[in-house]
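Given the structure is predicted, the values throughout are model-derived calculations rather than measurements.
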Amino acid sequence: MPVTWFLLSLALGRSPIVLSLERLVGPQDATHCSPLPPTPPHTDSDILCLPGDIVPAPGPVLAPTHLQTELVLRCRKETYCDLCVRVAVHLAVHGHWEEPEDEEKFGGAADSGVEEPRNASLQAQVVLSFQAYPTARCVLLEVQVPAALVQFGQSVGSVVYDCFEAALGSEVRIWSYTQPRYEKELNLTQQLPDCRGLEVRNSIPSCWVCPQCLAEGQAHAHGGDLSRPPFPFQVWPLEPDSVRTNICPFREDPRAHQNLWRAARLRLLTLQSWLLDAPCSLPAEAALCWQAPGGDPCQPLVPPLSWENVTVDKVLEFPLLKVHPNLCVQVNSWEKLQLQECLWADSLGPLKDDVLLLETRGPQDNRSLCALEPSGCTSLPSKASTRAARLGEYLLQDLQSGQCLQLWDDDLGALWACPMDKYIHKRWALLWLACLLFAAALSLILLLKKDHAKAAARGRAALLLYSADDSGFERLVGALASALCQLPLRVAVDLWSRREMSAQGPVAWFHAQRRQTLQEGGVVVLLFSPGAVALCSEWLQDGVSAPGAHGPHDAFRASLSCVLPDFLQGRAPGRYVGACFDRLLHPDSVPALFRTVPVFSLPSQLPDFLGALQQPRAPRPGRLQERAEQVSRALQPALDSYFHPPGTPAPGRGVGPGAGDGT
């Protein structure tokens, strides 16, 4: 048969799953080669272990040089395994090819029908002998190595055999030799661990020890009569009337108890009867507990119920009137909880969010009620802050109206399971309503903030009122309005609305602009000039303005009838700001009534003026100074032109959007 490297024939026994201690699954007993991938093995039978005498090697031969072992598990089921020994045999080439004395002795080199020895592959039969009381076994491995891979005196690889079964704690001896035997056999002795030395002892049945000796060892030591088969060991010398010593090696071993309880199960027979199924008898007691949903510990119902002694495989019943999915069984042994199962959850459905009421009856027909909760049993009615206390009145009403299920009853008390579904639905409805109200309020707040942000992005509204003394002053006002528009301000001035003023009239236009500006939280700027001061003085003295040379578009003249009442009635602060130009008018020249609001001289007081315009969201001082310098640079050419006009002044014309629209 063609092979890549090794051709192996081995004796295979049973073929259960083979697992390493790391639980790596293999399909059957196997032999493989290293370092190259193995050729599929052949099936053979076990052989007799007959080493025979050492014979001379006819030439190069394969010989075992070293043995290695590894513990694995052979498992018939997931948790039903035996300990097994994996053996690796390392092989090497010993000896050399014999050179012929002359070619004619072998028929001449021209005879191509005869294969030269150095071109033939090496073959060997390697025997593995395994002895471990009470078993002994030998297997034969047929190995073939191509001549091209032969390196004299060097290792050619290894053969790994899975595996030899052995008993826990036993001593194993392994031999390896070739057949025929050219060299002395290799041997290896190894002590296998017992249950205490294996982390996988829960998978080995021989480690599952029933701890009956906890009680039975004492009975043997005192000559007691036993009704169950004894498990302790008795040791005595072979002498007449010798003293026998009882040994119970698992008395203090918690792993023995753990293995036993891992195999124990609670089995429900009928709605009210059940039993404990375990490999052997053991002392235990059981009681009912109440398991509420949510992961809290199951709360024992002792009292009013009591612990009951449990006998393995004996049918037991609790004195229940009705069963409930939240009722569970707890089994204790040696004052430790070993098992807990909600036996009725499979037949009655999942756990319910019910409240268990405990009724206690005393003499003279006295009785009290409490609700079982994780924190304890809460008396009803109660002013505590627990859920049952808050719903205590409703629970008592449900109990009186027959909506609660009675689980147990005797002369000392009773147990009732009261549903909480309807209260949970009401609570969720209120919670949803609260969430909806919260979402509505949040949406309203976000909407208001959005509108507020839009208003902030648009800038504060500012209405400029001035007296049109001459065309040069109008150009100066237009330059100031255009510079303020570069800031977050929305500026309105009659220079840019002459068409609307002609259509509505100066009084109507000013009244509409003033109302809109103040409603939006804006500010009205009174820009004083000598002409404006004169008009204000006339109004303050006579209450009317004398006709003069003012044009039909003079909004300042028309606005005084609306502005003066705000100042006279004290409504101007915070809504009006005054301003004048440095070299044109001093602030002290402004009538005293109008100085009840800040009056700024421009451009020397530009930072304070801009801060007043942008209240209540004035920028930080550094930013405010930058904006003042920006407005000053934009305003300076108009100031220079006004105070130092070129030779012949040009006809007056406003500056900014809509400037020059005199229609």
Side-chain angles (χ1 to χ4, degrees), residues 452-453 455-467 469 472-493 495-496 513-514 517-518 520-530 532-533 536 556 563 566-567 571-644 654-657:
H452 185 70
R458 292 171 58 196
R460 192 182 187 192
L463 174 62
L464 261 63
L465 295 179
Y466 68 98
S467 173
D469 292 357
F473 188 75
E474 284 189 333
R475 286 193 296 271
L476 186 58
V477 171
L480 177 61
S482 298
L484 294 179
C485 285
Q486 304 303 317
L487 307 179
L489 289 172
R490 292 180 290 114
V491 180
V493 63
L495 284 174
W496 300 339
Q513 292 294 325
R514 171 184 168 277
T517 299
L518 296 181
E520 294 178 358
V523 61
V524 178
V525 180
L526 300 178
L527 193 57
F528 290 99
S529 64
V533 171
C536 291
F556 188 84
V563 170
D566 288 341
F567 280 88
R571 298 194 301 266
R575 307 166 76 183
Y576 289 82
V577 171
C580 60
F581 291 103
D582 289 339
R583 289 181 286 176
L584 186 61
L585 185 72
H586 194 275
D588 293 340
S589 301
V590 176
L593 178 63
F594 295 98
R595 292 202 302 272
T596 57
V597 299
V599 179
F600 301 97
S601 183
L602 306 180
S604 60
Q605 295 181 330
L606 260 177
D608 296 334
F609 175 65
L610 297 181
L613 293 185
Q614 296 182 276
Q615 289 292 345
R617 300 179 187 84
R620 63 182 182 273
R623 181 62 175 162
L624 193 61
Q625 184 63 35
E626 293 177 2
R627 292 178 178 178
E629 293 175 357
Q630 177 184 349
V631 174
S632 179
R633 287 193 298 269
L635 189 60
Q636 194 60 45
L639 289 171
D640 294 341
S641 176
Y642 182 76
F643 290 107
H644 303 285
V655 180

Any side-chain heavy atom of [X] sitting closer than 4.5 Å to one from [Y]?
X	Y	answer
Val523	Arg575	no
Asp582	Pro603	yes
Leu610	Phe600	no
Leu526	Val577	no
Leu465	Leu527	no

For [X], give me all partners under side chain to side chain contact (heavy atoms under 4.5 Å, CB included), at least two apart in sequence or on another chain.
X	answer
Thr517	Ala461, Leu463
Ala634	Ala483
Pro587	Cys580, Val599, Ser601

Checking the side chain of [X] only, and the main-chain atoms of [Y] only, is there a donor and an acceptor separated by less than 3.5 Å?
X	Y	value
Arg595	Asp588	yes
Ser641	Pro637	no
Asp469	Ser529	no

Listed by chain and number, what are the side-chain hydrogen bond (donor to acceptor under 3.5 Å, both in side chains) partners of Glu629, not counting sequence neighbours? none
Applying side-chain hydrogen bond (donor to acceptor under 3.5 Å, both in side chains) to Ser632 and not counting sequence neighbours gives none
Using the side chain to side chain contact (heavy atoms under 4.5 Å, CB included) rule, take Cys536 and Phe528 through it: C-alpha gap first, then chi angles, then the decisive distance, then the call. CA-CA 10 Å; Cys536 291; Phe528 290 99; 4.1 Å; yes
For [X] versus [Y], what's the shortest heavy-atom pair and its separation?
X	Y	result
Pro591	Val533	CD-CG1, 4.2 Å
Ser589	Leu585	CB-CD1, 3.5 Å
Leu602	Ala579	CD1-CB, 4.1 Å
Pro530	Leu584	CD-CG, 3.9 Å

Quick one: which of Leu639, Leu635, Val491 gives a side chain to side chain contact (heavy atoms under 4.5 Å, CB included) with Leu480? Leu635
Passes side chain to side chain contact (heavy atoms under 4.5 Å, CB included), Ser482 versus Trp496? Steps please. CA-CA 10 Å; Ser482 298; Trp496 300 339; 3.7 Å; yes
With under 30° as parallel and over 60° as perpendicular, where do the rings of Phe473 and Tyr642 fit, or are they tilted in between? perpendicular
Please determine if Glu520 and Arg460 form a salt bridge, counting it only when a charged side-chain N lies under 4.0 Å from a carboxylate O. no
Reported CZ-to-CG distance for the pair Arg627 and Leu613, which is rounded to 0.5 angstrom: 11.5 Å
Using 0.5 Å steps for rounding, measure from the CG atom of Leu495 to the CG atom of Leu464. 9.0 Å
What pairs with Phe567 under ring pair (Phe, Tyr, Trp, His ring centres under 6.0 Å), at least two apart in sequence or on another chain? Tyr576, Phe594
